[in-house]
Amino acid sequence: MILTAFLVLLGILSGCSPDEKRPVVFADPGWDSVRFHNAVAQLVAEKVYGLKTEILYGSTPITQAALVRGDADVNMELWTDNVPTYEADKAAGGIVDLGVNYDDNRQGFYVPRYVIEGDAERGIAPMAPDLKSVKDLSRYAALFKDEEDLAKGRLYGAIPGWNIDAILYKKYEVYGLNQNYIYFRPGSEATLSTAFLTAYEKGLPVVGYQWEPTWLSGKLDLVLLEDAPYEKAAFEEGLTEAPAVKVVIAANSRFPKREPEFSKFLSRYHTSSTLTAEALAHMADTKASYEETARWFLKKHGELVDAWLTPEDAAKLREAL
């Protein structure tokens, strides 16, 4: 009787029978592009491989720890340079790379193209035709006026707590931009995006941190300001451009044995910043959900479906869509 009661309790706690397959748990560290890629992978998991899926939400450190423990199974967008424990977690056997999602991303200080080149269709004349590099910004503080201190310009920084924010602040200091600019830290991605979008729609000058891919980079014509060529030690001091970060699909080390066929699909899953930004811009323009955007994306890019799946599985996915 005690044994029976114990087994019943285990069944209640586990929430599933021994024969029921455990769902695939995707990590969601909290930004749009990873949610889009999660939606694409979830559709394939459910429609092609008959798997159940779930999402585990949290910050980057929380979802990384969950991936190592096995509470999460897959991270579709692990930014390798932004996770301090990435190499150690791999070396310890906690996680494995299944493939590269994309590695052509960029980040740094951006301005709308019309600031440099103007926009004849919108009646906007060039405001800073000689603006090419971050160092050039020192001559244009009067153009990018800070709303609260009109004697200085406003330079939008990165999100507080992101590794790149500390590096950009060093750049702000070593390039002497602290003499005539306020380094303004937005509280969230939404605040930063709103600042750029509002200025862009009004044809006003704005300068600050952005990265690719985002819905904003897919929707607006932005220019990344030039900087010195990347060199690791100098970059940490704010003296060079940021490198492209390898964004991998990472999994708990036990997951490939548990779901070998789905893991093979993930190893073939490869996109680009341009493709991701295209999907995010579509979502922003149409107000579509992540799943609706994933369906639209898979229908539009049949060449990716054929590259990721066997002919039989590709046909199964198309029928489901």
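Hydrogens, waters and symmetry mates are skipped; everything else that's a heavy atom, side chains included, is used.
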May I ask you to decide if [Y]'s main-chain N or O and [X]'s side chain share a donor-acceptor pair within less than 3.5 Å?
| X | Y | result |
| --- | --- | --- |
| Asn252 | Val68 | yes |
| Arg106 | Ser273 | no |
| Ser193 | Ala190 | no |
| Lys171 | Gly238 | yes |

Output, in order, the C-alpha distance, side-chain angles, deciding distance and verdict of side chain to side chain contact (heavy atoms under 4.5 Å, CB included) for Phe26 and Met76. CA-CA 8 Å; Phe26 290 90; Met76 292 297 295; 4.0 Å; yes

May I ask you to check whether over 12 heavy atoms, not counting those of [X], lie within 6.0 Å of atom [atom1]?
| X | atom1 | result |
| --- | --- | --- |
| Lys135 | NZ | no |
| Gln179 | CD | no |
| Glu87 | CD | yes |
| Lys264 | NZ | no |

Do [X] and [Y] have side chains that approach each other closer than 4.5 Å (heavy atoms only, starting at C-beta)?
| X | Y | answer |
| --- | --- | --- |
| Phe144 | Leu155 | no |
| Asp221 | Tyr200 | yes |
| Tyr102 | Pro213 | yes |
| Pro112 | Val206 | yes |
| Glu212 | Tyr110 | yes |
| Tyr290 | Gln42 | no |
| Leu192 | Gln210 | yes |
| Glu117 | Pro126 | no |

What do the steps show when you test Ile116 against Val223 for side chain to side chain contact (heavy atoms under 4.5 Å, CB included), and what is the final call? CA-CA 9 Å; Ile116 301 171; Val223 175; 4.2 Å; yes

For the residue pair Asp149 and Ile182, what are the closest heavy atoms and their distance? OD2-CD1, 4.3 Å

Straight-line distance of Tyr175 OH to Lys170 NZ, nearest 0.5 Å: 13.0 Å

Aromatic contact between [X] and [Y], with the criterion being ring centroids under 6.0 Å apart: yes or no?
| X | Y | answer |
| --- | --- | --- |
| Tyr269 | His37 | yes |
| Tyr169 | Tyr183 | yes |
| Tyr49 | Phe262 | yes |

Salt-bridge criterion met for Arg318 and Asp306 (N-O under 4.0 Å): yes

Is Lys316 salt-bridged to Glu319, going by a charged N under 4.0 Å from an acidic O? no

I'd like to know whether Lys21 forms a salt bridge (Lys or Arg N to Asp or Glu O under 4.0 Å) with Glu259, so could you lay out the CA-CA distance, the side-chain angles of the two residues, the decisive distance to 0.1 Å, and finally the verdict. CA-CA 10 Å; Lys21 261 200 164 187; Glu259 297 294 348; 3.2 Å; yes

If we ignore angles and hydrogens, is there a donor and acceptor under 3.5 Å between the side chains of Thr53 and Glu46?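 Side-chain D/A pair, Thr53 to Glu46: present.
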
Carefully, step by step, assess Asp73 and Arg258 under the rule salt bridge (Lys or Arg N to Asp or Glu O under 4.0 Å). CA-CA 10 Å; Asp73 298 310; Arg258 196 179 101 211; 3.0 Å; yes

Taking the six-membered ring for Trp, are Phe265 and Trp308 parallel (under 30°), tilted (30 to 60°) or perpendicular (over 60°)?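 Aromatic pair Phe265/Trp308 classed perpendicular.
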
For Tyr172, does the six-membered ring have the charged nitrogen or CZ of Arg154 within the cation-pi criterion, i.e. under 6.0 angstrom from the centroid and within 45° of the normal?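 No cation-pi geometry.
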
Using side-chain contact (heavy atoms from CB on, under 4.5 Å) as the criterion, point out the one residue from Val115, Asp130, Val207 that pairs with Tyr140.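 Only one option passes, and that is Asp130.
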
As a quick check of understanding, evaluate salt bridge (Lys or Arg N to Asp or Glu O under 4.0 Å) for Arg295 and Glu292, giving each step before the final call. CA-CA 5 Å; Arg295 288 176 176 273; Glu292 290 167 342; over 6 Å; no

In sequence, state the C-alpha distance, the side-chain angles, and the governing distance for Thr80 and Val245, and then conclude on side chain to side chain contact (heavy atoms under 4.5 Å, CB included). CA-CA 7 Å; Thr80 54; Val245 179; 3.9 Å; yes

Output, in order, the C-alpha distance, side-chain angles, deciding distance and verdict of side chain to side chain donor-acceptor pair (under 3.5 Å) for His301 and Glu278. CA-CA 11 Å; His301 291 287; Glu278 175 194 47; 2.8 Å; yes

